[in-house]
2 protein chains.
Amino acid sequence: MTATIRDVAQRAGVSVATASRVLTGSRKVSPILAERVNEAAAALDYRHNAVARALRRGHTNTVGMIVPEIGNPFFPAIVEAVERRLQGTGRDLFLCDAQQDVAIERHRVHALIARQVDGLIIVPVSATASRAALADIPGSVPVVQVDRFVEEFAADWVGVDDELGIGLAVEHVASRGAHTIAFVSAALESSSALQRHEGFERAIARLGLPSDFPRLLGTYRAEWGRAAAIELLHSGALPDAVVCGNDEIAVGVLGEFRRRQVHVPDRVLVTGFDDIRFAALADPPLTTVRQPHEQLAAECIRLLDARLADPQTPVQRTAIAPTLVIRESTGGAS
Amino acid sequence: MTATIRDVAQRAGVSVATASRVLTGSRKVSPILAERVNEAAAALDYRHNAVARALRRGHTNTVGMIVPEIGNPFFPAIVEAVERRLQGTGRDLFLCDAQQDVAIERHRVHALIARQVDGLIIVPVSATASRAALADIPGSVPVVQVDRFVEEFAADWVGVDDELGIGLAVEHVASRGAHTIAFVSAALESSSALQRHEGFERAIARLGLPSDFPRLLGTYRAEWGRAAAIELLHSGALPDAVVCGNDEIAVGVLGEFRRRQVHVPDRVLVTGFDDIRFAALADPPLTTVRQPHEQLAAECIRLLDARLADPQTPVQRTAIAPTLVIRESTGGAS
DNA sequence: CCAAATTGGGTAAACGTTTACCCCTTCCTT
DNA sequence: AAGGAAGGGGTAAACGTTTACCCAATTTGG
């Protein structure tokens, strides 16, 4: 069996209180005894039991994070940034994947809550169907939503201003001469899909562009981009530009256009959203709306800590303005 | 304060034992009392405290997983497969990211061990420098290494046969007429880099191909692929084929070649390793060595459970044969 | 030099569960 | 009808820590 603090205390000839004190440094202990305790701990290969400690202390020094789908490269990027922020605060991040399924997402919430995480960071799968999961979080545990949010649910949120982001993309392709613009994105399930769609409609209206070109809504994946590209080609009238809801879709669109010899950007302009690692490596390199991961993560942890410090803090929603990164898929810089 | 089982018992007018029994279903309880307990639990919004439960029961129903870098899309793919396998076994997966740093990796191991995970799945950062981290895992907790392993360390492993995989790639490009072949991969730090390098050398020797073409070793990232491609171009004699240590590198190589108008596959053949999501979307679509995620995950859980059932089980290392996926970057099918 | 404060040690309660053990009914079995 | 088994309830110990509280010894201050 693995050694307990009791064993350590016994071997060192001190009380468990003393052992605990030297092991955690919670109070001063005479150097002689401290030395003995440390020796005993080393000799017994003692590891503290964080479960017992958490039970007694009432907190776990753990924050849980749930993302909709870890396979979507945007989320790992956010996770890495959050992890860096958490570094050095003495807390560990445990990551869970909801597999794009609100039932699994809810299960993850329960698992994390049961394990008494000190806080929860979540990118909700759905703007509406994730409400049940979020609602199961007791008021005593701080939650912050990142990137996506649940509608009409009172919890902190930090993300990019999706409407503005899509607006940048639309304005950019318009400035490059595009008049007819199609929109390929994910079904209006997640808040980001909703907001980006909204942003597209508004931008089109604002610029007085024709609004009878297709909005194709599927999933945030490249396969969907491919399929949508085919649909656009079959529909006859190819638009001047295709604004995509994220980079994966855009990469799929690019791939299909390439396969069918539709030249980008000469024949069609294409834009993405997120600026994932692969965007710059696509062919042609993808013009996209960059999400500032580090800022998002920083704000996320700030919100979490604020709520941790004072649970009564009013709910905050922080929208950060994204920036446009111009690459070859819309004709390149200049 | 959140309600405890004591509160539930009190409200239901039963003992905590009875409450616990109905809440966990561990023993039969009369329907009348069971009803009362359930009502009380619902009324108080009772959530069981998994920390207390784990302390008492001695296990957590949690398995921990540590990957070198969650931003490398190969790992999320493995994670997803593992998660699916774990589904329905009543255990939850907590994922941690080592950020390619053995010190952080070791910290993650400690964090997970302290929290009493029932098992640990790890993709070690380094074949040598990760030994310290692995050595810190007490013998009482089952560990299985996936994809990569620590040299001369007695712990289960499951992965793909890297040597064989690279062999497939080399043989394939050779069969397409490549005579001079360069190898672009990661520095010989991780076991996969070591094995793939070894596989390359052996295949070259076996086929009697010239061995004086460059081996460029950097990182498993696209930027390195770009840099290596530039190096190859500057070195004068461009090889007939470039075999890459993973898909990200290959995508970088492809990107740079495209930018410099070096045609793939007409001028150079390029292969990758892993078959990540983007491999098929690269330009041209990438010929690569496919890792069978589902099989890897299945074997991983099998190993973990075997060791859980009997800690004395002899150490097993399972190498699964990968398959070659032929795409345009080597001339396409047929 | 005495009172007060400080230091450094120990005892035991508490955190929230689960479950071994005990006890009282009730129901079979012969 | 007696004996035993089975069913269903409760009490309390245990899991491994941390820490409030207590106490003795020492130091400090006037």
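Just so it is clear, the structure is predicted and the values come from calculations on it, not from any experiment. Below, read A as the first sequence line, B as the second, and so on, with proteins coming before strands; counting in each chain starts at 1.
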The side chain of [X] lies closest to which of these nucleotides: [options]?
| X | options | answer |
| --- | --- | --- |
| Arg6(B) | dT17(C), dG16(D), dG9(C) | dT17(C) |
| Val14(A) | dT18(C), dG10(C), dT18(D) | dG10(C) |
| Thr24(B) | dG8(D), dT18(C), dG9(D) | dT18(C) |
| Arg57(B) | dT18(C), dT17(D), dT18(D) | dT18(C) |
| Ala52(B) | dT17(C), dG8(C), dC15(C) | dT17(C) |

ask   = Is the number of heavy atoms from other residues, nucleotides or ligands under 6.0 Å of Gln10(A) CD greater than 12?
value = no

remark   = Contact string for nucleotides 20-28 of chain D, one letter per nucleotide 5' to 3', B = base within protein heavy-atom range under 4.0 Å, S = sugar-phosphate only, - = neither, reads BB-------

Give one of base, sugar-phosphate or nothing for [X], where a contact means two heavy atoms less than 4.0 Å apart.
| X | result |
| --- | --- |
| Val51(A) | nothing |
| Ser30(A) | sugar-phosphate |
| Ser20(B) | base |

Salt bridge present between [X] and [Y] (N-O < 4.0 angstrom):
| X | Y | answer |
| --- | --- | --- |
| Glu299(A) | Arg302(A) | yes |
| Asp136(B) | Arg106(B) | yes |
| Asp156(A) | Arg317(A) | no |
| Arg307(B) | Asp305(B) | no |

Interatomic distance where [atom1] belongs to [X] and [atom2] belongs to [N] [whole Å]:
| X | N | atom1 | atom2 | result |
| --- | --- | --- | --- | --- |
| Asn49(B) | dG16(D) | CG | P | 17 Å |
| Leu44(A) | dG16(D) | CG | P | 14 Å |
| Lys28(B) | dT26(C) | NZ | C1' | 14 Å |
| Ile32(A) | dG9(C) | CD1 | P | 7 Å |
| His59(A) | dT18(D) | NE2 | C1' | 11 Å |
| Leu55(A) | dT18(C) | CG | P | 12 Å |
| Asp7(B) | dC15(C) | CG | P | 11 Å |
| Arg115(A) | dC15(C) | CZ | P | 23 Å |

query = Would you call the rings of Trp157(A) and Phe149(A) parallel, tilted or perpendicular if under 30° counts as parallel and over 60° as perpendicular?
reply =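 Rings of Trp157(A) and Phe149(A): perpendicular, as their planes differ by over 60°.
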
ask   = Can you tell me if the side-chain N/O atoms of Ser15(B) get under 4.0 Å from OP1 or OP2 in dG10(D)?
value =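 For Ser15(B), the contact criterion (side-chain N or O under 4.0 Å from OP1 or OP2 of dG10(D)) is met.
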
task = Using the closest heavy atom to pick a nucleotide of DNA chain C for each, name whichever of Leu23(B) or Gly13(A) lands nearer the 5' end.
result =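 First, find each residue's nearest nucleotide; the 5'-ward one identifies Gly13(A).
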
ask   = Can you tell me if Thr89(A) uses its side chain to pair, donor with acceptor, with the backbone of Leu86(A) under 3.5 Å?
value =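 Present.
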
task = Could you check if a side-chain atom of Ile104(A) sits within less than 4.5 angstrom of a side-chain atom of Arg108(A), using non-hydrogen atoms only?
result =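 They are in side-chain contact.
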
